[in-house]
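Right, one structure below, let's go through it.
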Amino acid sequence: MNLDDIRALKDKALAQFRQAATAGELEQLRIVYLGAKGKVKDVFTWLKDVPREAKREFGAMANELKNALQEAFDAKAATMAAPRKHGPVVDVTLPGVAPRVGHEHLLTQTVNEICEIFARMGYTVAQGPEVEDERHNFEALNIPPSHPARDVLDNFYINDDVMLRSQTSTVQIRTMEHQRPPVRIIAPGRVYRPDTVDATHFYMFHQVEGLYVDEGVTMADLKTTIDQFVRAYFGPEIQSRFRPSFFPFTEPSAEIDILFHNADGTTRWIELGGCGMVDPNVLEAVGYDSERYTGFAFGMGIERMVMRKHGLTDIRQLFEGDVRFLHQF
């Protein structure tokens with residue numbers, strides 16, 4: 001290879017770079033001439049065989065070839081780049097605009113607040129599976145096979161013995177099966193019932209279950225616990241009361257009502273949940289000595305608490321994922 005060969009290679013390459021019609025074609029030319037195994041590399045390889053007196057001129061010509069082809073490639077590539085879109089000029093000296101970030105869902109905030117309130121009263125949080133068997137969902141809770149709560153139309157059965165839990169009371173049984181008294185837990189979680197969806201009902205909702213078992217636990221302890229909770233969550237002006245009721249797993253049983261003051265000056269008692277002293281049959285089902293231990297249990301709907309505290313009128317707002325609604329909380 002001599003100087004004329006370099007000049008000819010340069011002219012040929014420059015012409016091809018100018019004629020390249022696509023970015024892919026231009027990239028192929030770059031590989032052929034400027035790549036690691038390209039023709040420009042070959043020129044520099046020939047330099048070692050050039051006579052000593054001609055090396056200086058040959059090297060200068062080789063460098064000129066490399067620079068010219070690189071400039072031609074860059075210039076052609078720039079013409080093929082996507083045209084810059086015109087828009088407002090950004091003043092980089094202005095303070096940045098912080099992006100809007102998400103936050104915990106209102107239900108999650110409520111669950112955390114409930115757990116924190118009960119933690120101050122010495123309760124720990126327990127969890128259990130949402131897919132349950134009939135023993136934990138019904139039998140160990142003293143709910144007989146003939147009880148209407150076990151009807152297939154009122155539960156989500158997966159097969160004859162497996163179902164989506166209809167209450168968080170199942171966590172009470174699972175906890176007592178593996179822990180000796182004293183037991184003091186709350187169990188927040190999702191439950192499932194095939195209710196018709198409307199403003200106050202949904203087929204999936206949240207409950208918080210509470211359980212305290214020890215020697216000498218009384219109904220007075222239960223009433224004090226509920227009073228302390230409703231005042232901590234709803235405010236110190238809230239009043240609560242117990243109404244006699246019946247649940248298979250507690251005896252005696254009661255409904256928890258709280259008194260709300262309306263904007264027009266009237267008041268109204270609202271049902272919050274159920275509670276009572278743990279039935280001795282439930283204690284015996286998990287191997288506890290019902291002559292030695294007593295306990296109380298309560299269960300409250302979390303959506304119901306959220307709606308009352310924040311003035312919501314439709315439970316579906318909590319599950320629709322409308323950010324305009326969620327950003328308010």
Are there more than 12 heavy atoms of other residues, nucleotides or ligands under 6.0 Å from atom [atom1] of [X]?
X: Arg180; atom1: CZ; value: yes
X: Gln109; atom1: CD; value: yes
X: Tyr203; atom1: OH; value: no
X: Asp160; atom1: CG; value: no
X: Lys223; atom1: NZ; value: yes

Give a yes or no answer on whether the side chain of [X] reaches the backbone of [Y] with a donor-acceptor pair at less than 3.5 Å.
X: Lys39; Y: Tyr33; result: no
X: Asp221; Y: Thr218; result: yes
X: Arg304; Y: Glu271; result: yes
X: Arg165; Y: Gly128; result: yes
X: Arg241; Y: Asp257; result: no
X: Asp198; Y: His201; result: yes
X: Lys309; Y: Tyr233; result: yes

For the pair [X] and [Y], name the ring-plane relationship: parallel under 30°, tilted 30 to 60°, perpendicular over 60°.
X: His206; Y: Phe319; result: parallel
X: Tyr123; Y: Tyr212; result: perpendicular
X: Phe234; Y: Phe260; result: perpendicular

Review item, side-chain donor-acceptor pairs of residues 244-251, under 3.5 Å, at least two apart:
{"unit_1": "Ser245", "atom_1": "OG", "unit_2": "Glu255", "atom_2": "OE2", "d": "3.4"}
{"unit_1": "Thr250", "atom_1": "OG1", "unit_2": "Ser253", "atom_2": "OG", "d": "2.5"}

For the residue pair [Y] / [X], report whether a side-chain donor-acceptor contact shorter than 3.5 Å exists.
X: Glu130; Y: Tyr192; value: yes
X: Asp74; Y: Gln70; value: yes
X: Asn137; Y: Thr170; value: no
X: His136; Y: Glu177; value: yes

Inset, instruction - Report the distance from atom CD of Gln207 to atom CZ of Arg190, rounding to the nearest 0.5 Å. - result: 13.0 Å
Inset, instruction - Kindly compute the distance separating CD (Glu284) from CG (Asp279), expressed to the nearest 0.5 Å. - result: 10.0 Å
Inset, instruction - Please find out if less than 6.0 Å separates the ring center of Phe296 from that of Phe242. - result: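 Here the rings of Phe242 and Phe296 have centres that are no less than 6.0 Å from each other.
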Inset, instruction - Determine, stepwise, if the pair His147 / Phe138 fulfils ring pair (Phe, Tyr, Trp, His ring centres under 6.0 Å). - result: CA-CA 9 Å; His147 198 281; Phe138 294 126; 8.3 Å; no
Inset, instruction - Give the minimum heavy-atom separation between Ala232 and Arg120, together with the two atoms involved. - result: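 What the structure gives for the nearest pair is CB-NH2, 4.1 Å.
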Legend entry - For Val278, the option from Val286, Leu211, Asn142, Leu141 that meets side-chain contact (heavy atoms from CB on, under 4.5 Å): Leu211
Legend entry - Salt-bridge present (Asp133, Arg135; N to O < 4.0 Å):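 No, no charged N to carboxylate O under 4.0 Å.
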